Amino acid sequence: MSTIPETAVSQSADPGAGGASAASEASASPLKVMGVVGLLVVILVAFLVAFALPGLRAEPRDVPVALVAPEPVAAQLRAAADTMAPDAIAWTEVADEAAATDLLRGREAVGAIVVEETELRVLAPTATGASMSTFVRDMGERIGATAGLPVTVSDPVPFTADDPRGIGLSAGALPIALGGWIAAVGIIATVRGSKTRIIAALSFAVLGGAAMTAVLRFWFGTFEGSYPALAAAGMLGIAATSLLVLGLQRLLRGVGIVIAAMILILLGNPLSGLTTATELLPSPWGGIGQWLPPGATGALLRNVGFFDGSTALLPALALAAWALLGAGCYALGAWRESRAALAPAAS
């Protein structure tokens, strides 16, 4: 004779017991859904503002430009430039064109204006970025017209012949920087084991950085500099982002993924200065963007690829700091999990 399981009997005897929690959950569900939808709308609007506002509000502010001119003429040119675009240029007066070129190659200025008796020469290196090069050239031509001098424009640090507009740099640096995000998410979803995940992330950084910079260097022709140095820059950029995502996720779970997305995508991408020059971004966001992983990766690749490593130390240190932060969060999360696992055994 078959018997009815106790669970079935208890549930049939008390039909409301099994459905109370379900009913409660169902009654709260619309509020929860609306809360989630509202949060997603806020995030969507934040993405729109973060991506569009820097471009809409972009205007030159304290752009570093070298000036070679006799003092009376220099004062007149500074006054004319300030009338055309107030506070747009931060002038650095130097003795001659050679000193101005040194400032350009050392990334201490984005352009130079050299005034002589019969002409005005504009040094507008395109490798500093198309926006800055265009701004310096236009300002030089307007100043020359005001002074009644013919203007000649030269490019002391150009992009390569294969990529004269530097599209590979602006389009390639962000995938390198954000490639670590993609790798980390994939590793979290597919790889098990604390040490194994770190090994996988570092392996991807080495192979991915080498592969992507090889494409930029040898296929697209974006760079003509040292490939090992470029590859090292790409590896460091990917390692910084992948370790940051892994660390924040290990320490804070889902919240960590959201924080990483805000750092890398919501803030890091539009503030990187790769599509809009840092000097055109609203203050202080342009400077902040250079310390976030996408901006630091782009700056490092630009400095190594076109300026012989000048001022490459700061973006390299910024990326190393993000990598160490991610590794530290990962270690802290692992330690907390081990403590939690030992707690039941101790009790």
Side-chain angles (χ1 to χ4, degrees), residues 42-65 87-90 106-110 128-132 135 169-181 184 233-234 236-245 247-248 251-252 255-304 307 310-329:
V42 171
I43 294 175
L44 181 62
V45 172
F47 265 91
L48 172 63
V49 172
F51 276 77
L53 190 60
L56 292 173
R57 296 291 185 267
E59 60 180 11
R61 177 74 58 179
D62 294 328
V63 176
V65 177
D87 301 322
I89 297 178
R107 301 301 310 277
E108 298 178 66
V110 300
T128 60
S131 299
M132 282 296 92
F135 168 76
L169 175 61
S170 58
L174 284 177
I176 290 175
L178 300 181
W181 162 273
L236 185 55
I238 293 176
T241 53
S242 60
L243 290 177
L244 179 65
V245 175
L248 289 176
L251 183 62
L252 303 174
V255 175
I257 294 290
V258 174
I259 293 174
M262 293 177 64
I263 293 173
L264 299 175
I265 301 174
L266 185 62
L267 293 176
N269 182 29
L271 299 181
S272 65
L274 288 169
T275 55
T276 300
T278 302
E279 292 82 4
L280 297 180
L281 295 174
S283 178
W285 298 109
I288 293 173
Q290 295 304 291
W291 292 98
L292 299 177
T297 300
L300 185 58
L301 287 170
R302 188 188 301 274
N303 292 339
V304 169
F307 295 92
S310 297
T311 65
L313 180 60
L314 287 180
L317 289 177
L319 292 173
W322 285 110
L324 290 174
L325 175 62
C329 290

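All values derive from a computational prediction rather than experimental measurement.
For L325, the side chain to side chain contact (heavy atoms under 4.5 Å, CB included) criterion is met by L244, W322, C329, not counting sequence neighbours. Checked against side chain to side chain donor-acceptor pair (under 3.5 Å), T311 has the following partners two or more places apart in sequence or in another chain: N303. I288 is linked by a side chain to side chain contact (heavy atoms under 4.5 Å, CB included) to P284, W285, counting only residues two or more places apart in sequence or in another chain. Remark: D87 engages R61 in a salt bridge (charged side-chain N to carboxylate O under 4.0 Å, His left out) (not counting sequence neighbours).
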Output a table of donor-acceptor pairs, distance under 3.5 Å, between side-chain atoms of residues 257-267 and any protein atom two or more places apart or on a different chain; print 'none' if there are none.
none

Compile the donor-acceptor pairs under 3.5 Å between side chains in residues 172-181 and protein atoms, sequence neighbours left out, one pair per line.
none

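Note that the CG atom of L314 and the CZ atom of R107 stand 11.5 Å from one another [nearest 0.5 Å]. Atom CG of D62 sits about 10.0 Å away from atom CD1 of I89, to the nearest 0.5 Å. One finds the CG atom of L271 at 9.5 Å from the CD atom of Q290 (value rounded to the nearest 0.5 Å). Atom-to-atom distance recorded for L292:CG and T241:OG1 is 12.5 Å, nearest 0.5 angstrom.
When all heavy atoms of P315 and A296 are compared, the closest pair comes out as CB-O, 3.4 Å. Looking at every heavy atom in both residues, V63 comes nearest to M132 through CG1-SD, 3.7 Å. Between A233 and L301, the shortest heavy-atom contact is CB-CD2, 3.8 Å. Shortest non-hydrogen contact noted between A184 and S242 is CB-O, 3.6 Å.
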